[in-house]
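Per chain, numbering begins at 1; letters A, B, ... match sequence-line order. Keep in mind that what you see is a predicted model, and the values were worked out from it rather than measured.
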Number of protein chains: 2
Amino acid sequence: MPADAPDRTRDPDRTRADILDVATSEFADKGYAGARVDEIAARTSTTKRMIYYYFGNKEQLYIAVLERAYTGIRAVEQELDVDHLDPVDAIRRLAELTFDHHESHPDFVRLVSIENIDRAEHIARSPVLSGLATPAVDVLARILDRGREAGVFRADADPLDVHMVISAFCVFRTANRHTFHAIFQRDMLDPARRDHYRALLGDLVLAHLAAR
Amino acid sequence: MPADAPDRTRDPDRTRADILDVATSEFADKGYAGARVDEIAARTSTTKRMIYYYFGNKEQLYIAVLERAYTGIRAVEQELDVDHLDPVDAIRRLAELTFDHHESHPDFVRLVSIENIDRAEHIARSPVLSGLATPAVDVLARILDRGREAGVFRADADPLDVHMVISAFCVFRTANRHTFHAIFQRDMLDPARRDHYRALLGDLVLAHLAAR
DNA sequence: GTCTATAGGTCGATAGAC
DNA sequence: GTCTATCGACCTATAGAC
């Protein structure tokens, strides 16, 4: 074997990972129905035969993509050292972490949109995904409790509502940027406006949470 | 012709409208790539031949669907008698109108999501759509100006930012409801929670706009 | 009703690892 | 020698188009 082709020995893990990487990018790019198994195969260093060998069919491949994408997310909120921060700072930090995460994972945001077009039927079909609790809400609940006790947050704030507002802002900014730009000629992902939006999200949530 | 088949006389407008209605529902349901021309034809009272006769091909049919869906929206903000309302009330009213509109037009929201997956390429290809200004932002600008003059709104509020926040909330609530429910077991469109969300949106925007 | 391209899915066989 | 990763070719249904 020539020295410049060391990778074409058998390596199941590598092959699987290669397929998953390419499939993630292809499904995120074209949607489930729009993605082509042939195209995925062409972009891997292996063949279509291997896709069916490892993943069975197109849908199972897509579910495997979703599972990896979702589980790769879970650690985000754990980065937050919530108990050593002032509640107001903690909320802003959490909003910023979520903001940054969405910005740096456009494929994930697109996969979520695609999955909503399909009414989350693939998530429902995956035990891994349907049983996936996000720690974000627990973290939020702890922050809100501490803020309430300190008298800085309103009494009726709901963790899941706060999470929803933060997600809505971050998801909309990335997922809907194309139609928004087409209609309003403003690019919500323009780096020049990034700090503005990041601050806006924190301000928005904190203004709402403030005790009156 | 038998007396019980009166509708099969020629009526081009009716045929076109029939095709557009069915196509809207089919594209919104399955996405662009997932929709089937055969299926659309089967659900109309005409034939596939007529779809190609009137619309040329699948993509042009889809663009026609988008054009009708978008232009059907424009009147919403005009319902608001903005100049005879207190600015605070006007903002809340506008948020509620947008909220109600998204809730009552799920097909439109889905079409927008689908179009974002395709990076708004069809909108860009349609002169009608790419030149479509939404009056929402002008209305918002007028309200914000009056609120600023009255000293009740902050000086640095941007109309398009406010529109973005309102849209983000309303779009997320409908477009992402399936994955949100799958992960958090909360249905954001549950009628029992409708008033809560509607009020939350107004509170959120107004808390942010309030002069400090 | 028909044509044609294509897309998802399968088969027989080979070759490297132990 | 067996197992399993790998491969190119092949099959068939279907979807867009006329």
Side-chain angles (χ1 to χ4, degrees), chain A residues 1-68 111 114-115 117-118 121-122 125-126, chain B residues 8 10 12 15-16 18-66 111 114-115 117-118 121-122 125-126:
Chain A
M1 179 188 291
D4 62 338
D7 293 342
R8 295 273 20 92
T9 52
R10 7 169 87 197
D11 186 344
D13 290 346
R14 219 178 105 90
T15 301
R16 268 188 76 100
D18 181 22
I19 293 171
L20 270 183
D21 286 343
V22 175
T24 298
S25 137
E26 181 74 6
F27 281 123
D29 195 47
K30 311 274 178 60
Y32 177 71
R36 299 289 168 250
V37 178
D38 280 314
E39 179 64 23
I40 294 171
R43 287 172 51 197
T44 62
S45 57
T46 180
T47 63
K48 188 162 68 158
R49 186 73 183 81
M50 286 298 95
I51 294 176
Y52 286 92
Y53 180 72
Y54 282 115
F55 296 98
N57 59 36
K58 181 181 178 177
E59 185 180 8
Q60 285 176 259
L61 173 61
Y62 175 66
I63 290 175
V65 164
L66 277 185
E67 286 176 350
R68 205 182 53 158
L111 286 172
I114 288 161
E115 188 56 9
I117 294 298
D118 294 339
E121 63 180 47
H122 304 100
R125 206 165 302 166
S126 158
Chain B
R8 296 273 21 91
R10 352 172 99 199
T15 301
R16 270 187 74 100
D18 180 22
I19 293 171
L20 272 182
D21 286 342
V22 175
T24 298
S25 135
E26 181 75 5
F27 280 122
D29 196 47
K30 312 274 178 59
Y32 177 71
R36 298 290 167 249
V37 178
D38 278 317
E39 178 65 25
I40 294 170
R43 287 172 51 197
T44 63
S45 57
T46 179
T47 63
K48 189 161 66 157
R49 186 76 187 80
M50 284 298 100
I51 294 177
Y52 284 93
Y53 178 74
Y54 282 116
F55 297 98
N57 59 36
K58 181 182 179 179
E59 185 180 7
Q60 286 176 259
L61 173 61
Y62 175 67
I63 290 176
V65 164
L66 277 186
L111 286 172
I114 289 161
E115 187 58 9
I117 293 298
D118 293 339
E121 62 179 49
H122 304 100
R125 205 164 303 164
S126 157

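One interatomic measurement links the two molecules: CD of A:E26 to P of C:dA7, which rounds to 11 Å at whole-angstrom precision. Distance CZ (A:F55) to P (D:dT6): 11 Å, rounded to an integer number of Å. Atom OH of A:Y54 and atom C1' of D:dT6 are 8 Å apart (whole Å). Distance, A:E39 CD to C:dT6 C1': 13 Å, rounded to whole Å. The OH atom of A:Y53 sits 13 Å away from the C1' atom of C:dA15 (whole-angstrom rounding). In this structure, A:M50 places its CE atom 16 Å from P of C:dG9, rounding to the nearest Å. In this entry the distance linking CG of A:D13 with C1' of D:dT6 reads 15 Å, nearest Å.
With sequence neighbours left out, the side chain to side chain donor-acceptor pair (under 3.5 Å) criterion links A:E59 to A:R125.
Side chains of A:T46 and A:Y53 form no contact here, defined as non-hydrogen atoms less than 4.5 Å apart. For the pair B:F27 and B:L61, the minimum side-chain heavy-atom distance is below 4.5 Å. With contacts defined as side-chain heavy-atom distances shorter than 4.5 Å, the pair B:E115/B:H122 qualifies.
At a threshold of 4.0 Å, the pair A:D21-A:R68 counts as salt-bridged, since one of the basic side-chain nitrogens sits closer than that to a carboxylate oxygen.
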Q.
One character per nucleotide, please: for nucleotides 8-18 of chain D, 5' to 3', B when the base has a protein heavy atom closer than 4.0 Å, S when only the sugar-phosphate does, - otherwise.
A. B------SBB-

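Residue A:T15 places none of its side-chain N or O atoms closer than 4.0 Å to OP1 or OP2 of D:dA5.
Both cation-pi conditions hold for A:K58 and A:Y32: the charged atom is under 6.0 angstrom from the six-membered ring centre and inside a 45 degree cone around its axis.
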